[in-house]
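Input: a single structure, listed below in structure tokens.
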Amino acid sequence: MYLCLEDNYQRLQRRLFQMNAEPIENLHFALAADKIGAGLEEQIEAFKKEHDDLKIVVVDVMQMVRSNVESSYGSDYAELIALKQLAYRLNICILLIHHMRKAKDDNPFNMMTGSTGIGGATDGNFALKETKCGSGKAIMYCQGRDIEYTELRMHFDTDAMRWIVENEAT
């Protein structure tokens, strides 16, 4: 299930056509969702009951399901722990897309908006950072509880409309 919460139907359809995406029977899209602690968990549980083959829920973007407008370690951690516990209970992956700050930092994980509670509550974090704005080249930084720190060099294939891994950067 893909919660594309910053899109509308026209944009979603245009993106799928650009990718020459073949219809996938068990791929579902939603353009709206409730907030964490205010119905989102129940929506995902209900969807799982109707689709027992559900493996992943992508939330694009996390801010759209946040209940707390203000970001603090405690609020960030509490909201994400609720989703983490739901994922464990339903045996699914919940992938949250999140924005990065524009401020430069040697550690890309410090560039995530919000507090360090986000990284503290999640099992894994991935940061895609373009090497030069508009270049179509980036490094994907990966770290987590069960993930060895990895950096992957990537480039964006405009014909396929996707990121391609070139090789490990480190």
Side-chain angles (χ1 to χ4, degrees), residues 1-19 21 24 27-48 51 54-88 90 92-105 107-131 133-145 147 152 154 156 158 161-163:
M1 178 198 277
Y2 179 58
L3 304 178
C4 36
L5 305 176
E6 291 186 320
D7 289 334
N8 58 38
Y9 286 114
Q10 293 80 13
R11 183 168 189 252
L12 178 59
Q13 186 176 39
R14 185 175 60 249
R15 289 170 66 195
L16 291 170
F17 282 138
Q18 285 176 328
M19 295 184 327
I24 300 172
L27 177 60
H28 301 272
F29 297 94
L31 301 179
D34 287 334
K35 304 285 187 191
I36 299 168
L40 178 64
E41 297 93 318
E42 293 80 8
Q43 287 177 317
I44 294 172
E45 285 182 275
F47 189 85
K48 174 72 172 172
H51 304 89
L54 178 68
K55 300 287 185 235
I56 185 169
V57 175
V58 178
V59 179
D60 186 4
V61 297
M62 182 176 85
Q63 192 60 36
M64 297 292 286
V65 296
R66 300 286 315 266
S67 293
N68 291 314
V69 177
E70 296 301 318
S71 179
S72 69
Y73 185 94
S75 64
D76 289 348
Y77 192 89
E79 285 188 330
L80 295 183
I81 284 297
L83 292 182
K84 181 177 173 177
Q85 291 170 344
L86 176 67
Y88 286 169
L90 298 179
I92 63 172
C93 172
I94 299 178
L95 176 66
L96 302 165
I97 309 298
H98 190 49
H99 291 289
M100 305 283 277
R101 296 182 330 215
K102 303 297 182 215
K104 300 280 185 202
D105 195 299
N107 182 342
F109 299 104
N110 291 339
M111 295 174 61
M112 291 191 302
T113 58
S115 75
T116 56
I118 293 170
T122 56
D123 286 338
N125 291 280
F126 303 87
L128 182 64
K129 184 177 173 188
E130 249 186 323
T131 53
C133 189
S135 69
K137 294 181 183 285
I139 297 176
M140 172 75 78
Y141 300 89
C142 314
Q143 73 177 12
R145 287 183 172 83
I147 303 168
L152 302 171
M154 306 175 80
F156 190 75
T158 54
M161 294 295 293
R162 64 187 176 119
W163 287 96

Fill in: Gln143 side-chain N/O to Phe126 backbone N/O, donor-acceptor pair under 3.5 Å
no

Worksheet, complete the sentence: Closest non-hydrogen contact found for Trp163 with Met154 is CB-CE, 3.5 Å

Worksheet item: Nearest 0.5 Å, what's the CD-CD distance between Gln85 and Glu41?
Response: 10.0 Å

Practice prompt. Measure the spacing between CD1 of Ile36 and CG of Leu83 and express it to the nearest 0.5 Å.
Written response: 4.0 Å

Fill in: Gap between atom CE of Met1 and atom CD1 of Ile94 - 0.5 Å precision
10.0 Å

Worksheet entry | Test item: Ile118 and Met62 side chains (from C-beta on) under 4.5 Å apart, heavy atoms | yes

Practice prompt. Could you grab the distance from atom SG of Cys142 to atom CD1 of Ile147, nearest 0.5 Å is fine?
Written response: 7.0 Å

Discussion item. When you compare the side chain of Val65 with that of Glu79, does any pair of heavy atoms fall below 4.5 Å?
Written reply: no

Practice prompt. Identify the two heavy atoms, one from Val61 and one from His99, that lie closest to each other, and give their separation to 0.1 Å.
Written response: CG1-NE2, 3.7 Å

Practice prompt. Could you label the plane-to-plane angle of the His28 and Phe47 rings as parallel, tilted or perpendicular, counting under 30° as parallel and over 60° as perpendicular?
Written response: perpendicular

Worksheet, complete the sentence: dist Asn107:CG -> Met112:CE (nearest 0.5 Å) comes out at 9.0 Å

Worksheet item: How far apart are the C-alpha atoms of Leu16 and Gln13, what are their side-chain angles, what is the distance that settles it, and do they pass the side chain to side chain contact (heavy atoms under 4.5 Å, CB included) test?
Response: CA-CA 5 Å; Leu16 291 170; Gln13 186 176 39; 5.7 Å; no

Worksheet item: Taking side chain as C-beta onward, heavy atoms only, is Cys4 less than 4.5 Å from Leu31?
Response: yes

Worksheet item: Going from NE2 on His98 to OG1 on Thr113, what distance comes out if it is rounded to the nearest 0.5 angstrom?
Response: 3.0 Å

Worksheet entry | Glu42 and Asp34: CA distance, side-chain angles, deciding distance, side chain to side chain contact (heavy atoms under 4.5 Å, CB included) verdict | CA-CA 9 Å; Glu42 293 80 8; Asp34 287 334; over 6 Å; no

Worksheet, complete the sentence: Applied to residues 94-103, the salt bridge (charged side-chain N to carboxylate O under 4.0 Å, His left out) test, sequence neighbours excluded, yields none

Worksheet item: Got Ile139 and Lys129 here, is their nearest side-chain heavy-atom distance under 4.5 Å?
Response: no

Worksheet entry | Heavy-atom check, side chain of Leu90 versus side chain of Leu54, under 4.5 Å | no

Worksheet item: Any side-chain heavy atom of Leu40 sitting closer than 4.5 Å to one from Leu86?
Response: no

Discussion item. Counting only heavy atoms from other residues, nucleotides and ligands, does the tally under 6.0 Å from CZ of Arg145 exceed 12?
Written reply: yes

Worksheet item: Does some side-chain heavy atom of Ile44 sit less than 4.5 Å from a side-chain heavy atom of Ile92?
Response: yes

Worksheet item: Can you name the residues that form a salt bridge (charged side-chain N to carboxylate O under 4.0 Å, His left out) with Lys137, not counting sequence neighbours?
Response: none

Item to complete: Answer whether the closest heavy-atom distance between the side chains of Asp76 and Arg66 falls below 4.5 Å.
Response: yes

